[in-house]
2 protein chains.
Amino acid sequence: MADVAQLAGVSSQTVSRVSNGFPGVTEETRQQVMAAMRELGYRPNSAARALKRGEFRTLGVITFSLSTHGNIRTLEAIATSAARHGYAVTLLPVAVPTQDEVNGAFSRLGELAVDAVIVIMEIHLLDAATVSLPPGVQVVVADSDAGDRYTVVDTDQAGGARDAVRHLLDLGHDTVWHLAGPEGSFAAQRRANAWRDALTGAGVTPPPLVRGDWSAESGYRAGLRLADHHDCTAVFAANDQMALGLLRALHERGRRVPDDVSVIGFDDLPESASFLPPLTTIHQDFAEVGRLCVESIITKIRQGGTAHGTTLVPTRLVRRASTGAPAGAREGG
Amino acid sequence: MADVAQLAGVSSQTVSRVSNGFPGVTEETRQQVMAAMRELGYRPNSAARALKRGEFRTLGVITFSLSTHGNIRTLEAIATSAARHGYAVTLLPVAVPTQDEVNGAFSRLGELAVDAVIVIMEIHLLDAATVSLPPGVQVVVADSDAGDRYTVVDTDQAGGARDAVRHLLDLGHDTVWHLAGPEGSFAAQRRANAWRDALTGAGVTPPPLVRGDWSAESGYRAGLRLADHHDCTAVFAANDQMALGLLRALHERGRRVPDDVSVIGFDDLPESASFLPPLTTIHQDFAEVGRLCVESIITKIRQGGTAHGTTLVPTRLVRRASTGAPAGAREGG
DNA sequence: CCAGCGGATGTTTACGTAAACATTACGAGC
DNA sequence: GCTCGTAATGTTTACGTAAACATCCGCTGG
């Protein structure tokens, strides 16, 4: 900066003013400084800036691997949204979702140049962490439920699951089976609860719950079992990947979709429209979740608020070929 | 730091020594300092550290969206590998792959606290950028070909494509059609070139090339056209998503896979094993690509080398149910 | 018994920037 | 013509850390 100032024949403070776009600098001086900056290839030192300003203009994102479609979409939205606000995004990967790894990420976070953290993770891992988040670091949690302790932005899991069940009941199915996600997952739990509530609310006794682990493979295994229940005409899978495995199992066992069995998923992956048959599913607006995370955390940084609350992002039913009226209804109707 | 020093009854320099794990501090003193740090909730200011040290211990990753499976896997490997080396990873998203956006990312990069950059992007966007990368920032390019100008880590696209074609020829197919990626993509171009070379090398005249845009939807559209060519018994799709669309189109047109048509993909998505039928494909080791990017860039940072070169990561053929011998060969054999 | 040595710790300084304050220059108003 | 106000620019300082150098202390060996 001093070099630039010397070359332009001004003081370093004037260079700083130009560099930050402050007013009170003659157009002529500004041009001279800019020319000097270009000539010397000057780039402001962000470390010194951060030191002086007391903030890094950087957001940390803690997420357990980038393995799921939803997390990635959310992360992407966070990154672009943060860039628009002049913030950078630093990744804090957690290789495996164990307590040790989470603790490690938290302690690394302590040394990291971030003003705030967005956590995309099952909240129980956060709760059980023995290493606490550094004080003065704002937190927003995506995709979880802890509105009383943290600021949360989440998809309306319950609403989406309810819509899925209702869609199938409206088509004339007597009941809806549920292929749930793993027990440890709150998202899975909430979708399962909403499924159960929607059924009992409609006066239907829920059939036994079938569990997978989000993977297509687990959906396939569950599908092989479900194919044997010939009274099962409608299945709500807790995500699209399990639905994919389910479709394959049903096909192998000669159960036609949607003629014999209707299948609905949850997520709306880009590929879901190309499944065999194209999958009816609940669309999640991950981009909106990411955007809201950034908005809300920047508000928190500016205002230093400590209020918590939950923002719900609505889902949308996407109707495709994998759901239809049950054979009985068609024959009878 | 001064507070910690005062509480522990030592100088700030001793605190610094403890904080950085330097030798020359009595165990007793060390414990006292640690206790004081805990009590005051001290966390080192990374801005001041970076300012003093002259390096940020941070890697920037420029990538055009997080839309493709490969980029995401690579990014994930970069993040974990960087963490292992004590480096943080900052994301530089490019919303749309236009020159303007890339230029914007580059100029933002100038103000960013990074020591080096890993570019996961088509190289021609880098070449055509009007804003040059800041001097002193090391660069490694993933998934592209510019070994003469940059350090490159890439999957062995040509080798994988060759293996795909040979696999189908070995099964007895007369020729292999190719569903290529978009024209602008070097990866697509290299796979297409290798496909053509493998065929001509085997004395077979390549059929006309069919083009998609990587999406399942484009694979579906291409598949509808291919289904009409009844002499087409084997298709090599340039990625698994297009292969998925292709499978659906063939199914709709009554062409059985693999009985009538064999299909092989490229990527090995987690879902590909659950396609109908499970997809034979070329597995890419994205994790290895990411790991090598980090290794090589850290070497460059340490040594300040300017040498360029390309590191190729091998692929692996994963045989599943979507490929088999052509009907003619089975009848004849 | 004291010089000399080495390990433990303290003091000074500089990293690059921007806020706060100081200075200069110039024109308007009396 | 002199003062005052304002816009433009310069000077000083502090942000938190760690390298470089300085100091202190106890012990060893002649």
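A, B, ... follow the sequence lines: proteins, then strands. Residue 1 opens every chain. Computed from a predicted model, the values in this text were never measured in an experiment. Side chains included, hydrogens not; waters and symmetry mates left out as well; all remaining heavy atoms used.
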Starting from P on C:dA8, measure out to CD on B:Q31 and report it in whole angstrom.
-> 15 Å
Atom CD of A:Q13 and atom P of C:dT17 are separated, to the nearest Å, by 11 Å
Check whether any side-chain N or O of B:S16 sits under 4.0 Å from OP1 or OP2 of D:dG16, and answer yes or no.
-> no
Interatomic distance where CZ belongs to B:R57 and P belongs to D:dT17 [whole Å] = 15 Å
Nearest heavy-atom contact between B:V289 and B:V153 is O-CG1, 3.7 Å
Passing candidate, side-chain contact (heavy atoms from CB on, under 4.5 Å) with A:V140, options A:I297, A:V152, A:L292, A:I298 | A:I297
Under the 3.5 angstrom rule, does the side chain of A:N20 hit a backbone N or O of A:F22 as a donor-acceptor pair?
-> no
Side chain of A:N45: nearest nucleotide among C:dT17, D:dG10, D:dA18?
-> C:dT17
Could you state the atom-to-atom distance from CG of A:L51 to C1' of D:dA18 in whole Å?
-> 13 Å
From CG of B:D3 across to P of D:dC15 the rounded distance in Å is 11 Å
To the nearest angstrom, how far is B:Q6 atom CD from C:dT11 atom P?
-> 13 Å
Nucleotide D:dG16, atom C1' - distance to CG of B:L40 in whole Å | 15 Å
Under a 4.0 Å N-O cut-off, is there an ion pair linking B:E55 with B:R57?
-> yes
Expected rows: protein N/O vs nucleotides 26-28 of chain D N/O, under 3.5 Å:
none

Please list, by residue number, the residues of residues 17-30 of chain A whose heavy atoms come closer than 4.0 Å to an atom of DNA chain D; answer none if no residue qualifies.
-> A:R17, A:G24, A:V25, A:T26, A:T29
Can you figure out which of D:dT17, C:dG10, D:dT9 approaches the side chain of A:T14 most closely?
-> D:dT9
Among A:I78, A:I72, A:D267, side-chain contact (heavy atoms from CB on, under 4.5 Å) partner for A:F286 = A:D267
Base D:dA14 paired with A:K52 side chain (donor-acceptor, <3.5 Å) = yes
Would you please classify the geometry between the B:Y150 ring and the B:H308 ring as parallel, tilted or perpendicular, with 30° and 60° separating the classes?
-> tilted
To the nearest angstrom, the CZ-C1' distance between A:F56 and D:dT17 comes to 12 Å
Output yes when a side-chain donor or acceptor of A:D154 lies under 3.5 Å from a complementary backbone atom of A:A142, and no otherwise.
-> no
Proximal nucleotide (of C:dT17, C:dA18, C:dG10) relative to the A:R53 side chain = C:dA18
Return yes if some donor-acceptor pair links the side-chain N/O of A:S185 with the main-chain N/O of A:A187 below 3.5 Å, else return no.
-> yes
Expected output: side-chain A:S19 to main-chain A:V15 donor-acceptor under 3.5 Å = no
Can you check whether B:R49 has a side-chain N or O nearer than 4.0 Å to OP1 or OP2 of D:dG16?
-> no
